[in-house]
Number of protein chains: 2
Amino acid sequence: MIFSSELIKGTLKTILLKLLADNHKMYGYEITQRVKELTAGRIQLTEGALYPTLHALEEEGLVTTEVEYMGKRVRKYYRLSDTGMTRKDEKVNEFADFVATMKILLDIEVKPA
Amino acid sequence: MIFSSELIKGTLKTILLKLLADNHKMYGYEITQRVKELTAGRIQLTEGALYPTLHALEEEGLVTTEVEYMGKRVRKYYRLSDTGMTRKDEKVNEFADFVATMKILLDIEVKPA
DNA sequence: CAAAGATACATAAGACTTCGATGTATCATA
DNA sequence: TATGATACATCGAAGTCTTATGTATCTTTG
């Protein structure tokens, strides 16, 4: 079952920041694959959503980029900045609090990973 | 701390369906107050989001409405339909699964309520 | 070796949702 | 009698995501 896109709304930046915090540097396509893998295919990032968001993160100064060539093929790597690391912590904490709040509202059990 | 609105995006319908499942019938303003109360003020539904969403639920056949007068003041009550009850279960389950997935991605602990 | 599928970037129009402001009106309280 | 709470609602603007499209390279398989 793939999650409805509505659910993922608002969490994309958080996911990207966290992945970049864990992996030092990643490129766009790699991110889509990693997320798919980590979520057993239940979250599939589309390029139309991913690239604009990565660009936005760059404009906000949360990531820096560097281009590498694999043969003739371009890869654009994204790396978290210090500001980005701080923001990542904020975002992840906010999401954790949000979930705690939603648990009360929806009266759900969240299974341990 | 009030949650950024982006986070609440995509969960509004789920929240509404769950509230209506628990409370049999509620009106709009009551919903905003109940949510504020249940979440210690951290989720504040705005009318601009609430009413269009309630109307959408009605169009989808998930809720029925009935108008009552308190003196001269109108109250529009919303009540969950059978379809709505089914949908509520689906939505709540989907959210629980989503959270389990996000826990893996973000590597977070979710405190028990 | 040709075709298909995967890798890899990106943009752009349209759809959808939410925000913030605005509007109307009643009721309670200071 | 004015303010704040109650109660409905809509609308333009803003923001985000989807779907489609575009370009190009690399790898695998028939």
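Chain identifiers are assigned alphabetically (A, B, ...) following the order of the sequence lines, protein sequences preceding nucleic acid strands; residue numbering begins at 1 within each chain. In this text, all values refer to a predicted model and were calculated from it rather than measured experimentally.
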**Item:** Residues Thr32(B) and Glu47(B): side-chain donor-acceptor under 3.5 angstrom
**Value:**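 Judged by distance alone, the side chains do not pair up.
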**Request:** Please check if any side-chain donor atom of Arg79(A) sits under 3.5 Å from a side-chain acceptor atom of Tyr77(A), or the reverse.
**Result:**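 Checked: Arg79(A)/Tyr77(A) side chains show no N/O donor-acceptor pair below 3.5 Å.
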Spacing between [X] atom [atom1] and [N] atom [atom2], to the nearest angstrom:
X: Glu58(A); N: dA10(C); atom1: CD; atom2: P; value: 9 Å
X: Glu6(A); N: dT18(D); atom1: CD; atom2: P; value: 10 Å
X: Gln44(B); N: dC19(C); atom1: CD; atom2: P; value: 11 Å
X: Ile31(B); N: dT6(D); atom1: CD1; atom2: C1'; value: 15 Å
X: Ile8(B); N: dG15(D); atom1: CD1; atom2: P; value: 17 Å
X: Lys72(A); N: dC9(C); atom1: NZ; atom2: P; value: 18 Å
X: Leu57(B); N: dT17(C); atom1: CG; atom2: C1'; value: 13 Å
X: Lys9(B); N: dA14(D); atom1: NZ; atom2: P; value: 14 Å

**Prompt:** What does Tyr78(A) touch in the nucleic acid at a heavy-atom separation under 4.0 angstrom: a base, only the sugar-phosphate, or nothing?
**Reply:**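 Sugar-phosphate contact only - Tyr78(A) comes under 4.0 Å of backbone atoms but never of a base.
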**Asked** Among Thr53(B), Leu54(B), Thr46(B), whose side-chain contact (heavy atoms from CB on, under 4.5 Å) with Leu50(B) holds?
**Response**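 Exactly one pass, corresponding to Leu54(B).
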**Item:** Counterpart residues, side chain to side chain donor-acceptor pair (under 3.5 Å), relative to Asp89(B) (two or more places apart)
**Value:**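 Residues passing side chain to side chain donor-acceptor pair (under 3.5 Å) with Asp89(B): none at all.
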**Item:** Full working for salt bridge (Lys or Arg N to Asp or Glu O under 4.0 Å) between Glu68(A) and Arg73(A)
**Value:** CA-CA 8 Å; Glu68(A) 281 186 22; Arg73(A) 184 184 288 169; over 6 Å; no
**DNA chain D: 5'-proximal contact among Met70(A) and Gly10(A) (nearest heavy atom)** =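 Going by which nucleotide is closer to the 5' end, it is Gly10(A).
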**Request:** Working to the nearest 0.5 Å, report the span between NZ of Lys25(A) and NZ of Lys76(A).
**Result:**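 The NZ atom of Lys25(A) sits 14.5 Å away from the NZ atom of Lys76(A).
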**Asked** About how many Å separate CG of Leu17(A) and CD of Glu90(A), when rounded to the nearest 0.5 Å?
**Response**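 Reported value, rounded in 0.5 Å steps: 10.0 Å.
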Restricting to nitrogen or oxygen on both sides, can you table the protein-nucleotides 11-15 of chain C pairs closer than 3.5 Å?
residue: dT11(C); atom: OP2; partner: His55(A); partner atom: ND1; Å: 3.4

Distances under 3.5 Å only, N/O to N/O: pair up the protein atoms with those of nucleotides 3-7 of chain C.
residue: dT7(C); atom: OP2; partner: Tyr29(A); partner atom: OH; Å: 2.0
residue: dT7(C); atom: O5'; partner: Tyr29(A); partner atom: OH; Å: 3.0
residue: dT7(C); atom: O3'; partner: Arg73(A); partner atom: NH1; Å: 3.0
residue: dT7(C); atom: O2; partner: Arg73(A); partner atom: NH2; Å: 3.3

**Message:** Taking the basic N atoms (NZ, or NE/NH1/NH2) and the acidic carboxylate oxygens, is any pair closer than 4.0 Å for Arg87(B) and Glu94(B)?
**Reply:**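 A salt bridge is absent here (no side-chain N lies under 4.0 Å from a carboxylate O).
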**Request:** Determine, for Lys103(B) against Asp107(B), whether the closest basic-nitrogen to carboxylate-oxygen distance falls under 4.0 angstrom.
**Result:**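 Looking at Asp107(B) together with Lys103(B), the answer is no, because their closest N to O distance does not fall below 4.0 Å.
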**Message:** The side chain of Thr53(B) is closest to which nucleotide in this list: dT18(D), dT26(C), dT18(C)?
**Reply:**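 Taking heavy atoms from C-beta onward, the closest nucleotide is dT18(C).
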**Message:** Checking contacts here: which listed nucleotide (dT18(D), dC26(D), dA10(C)) is nearest the side-chain heavy atoms of Lys76(A)?
**Reply:**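 Among the listed nucleotides, the one closest to the side chain of Lys76(A) is dA10(C).
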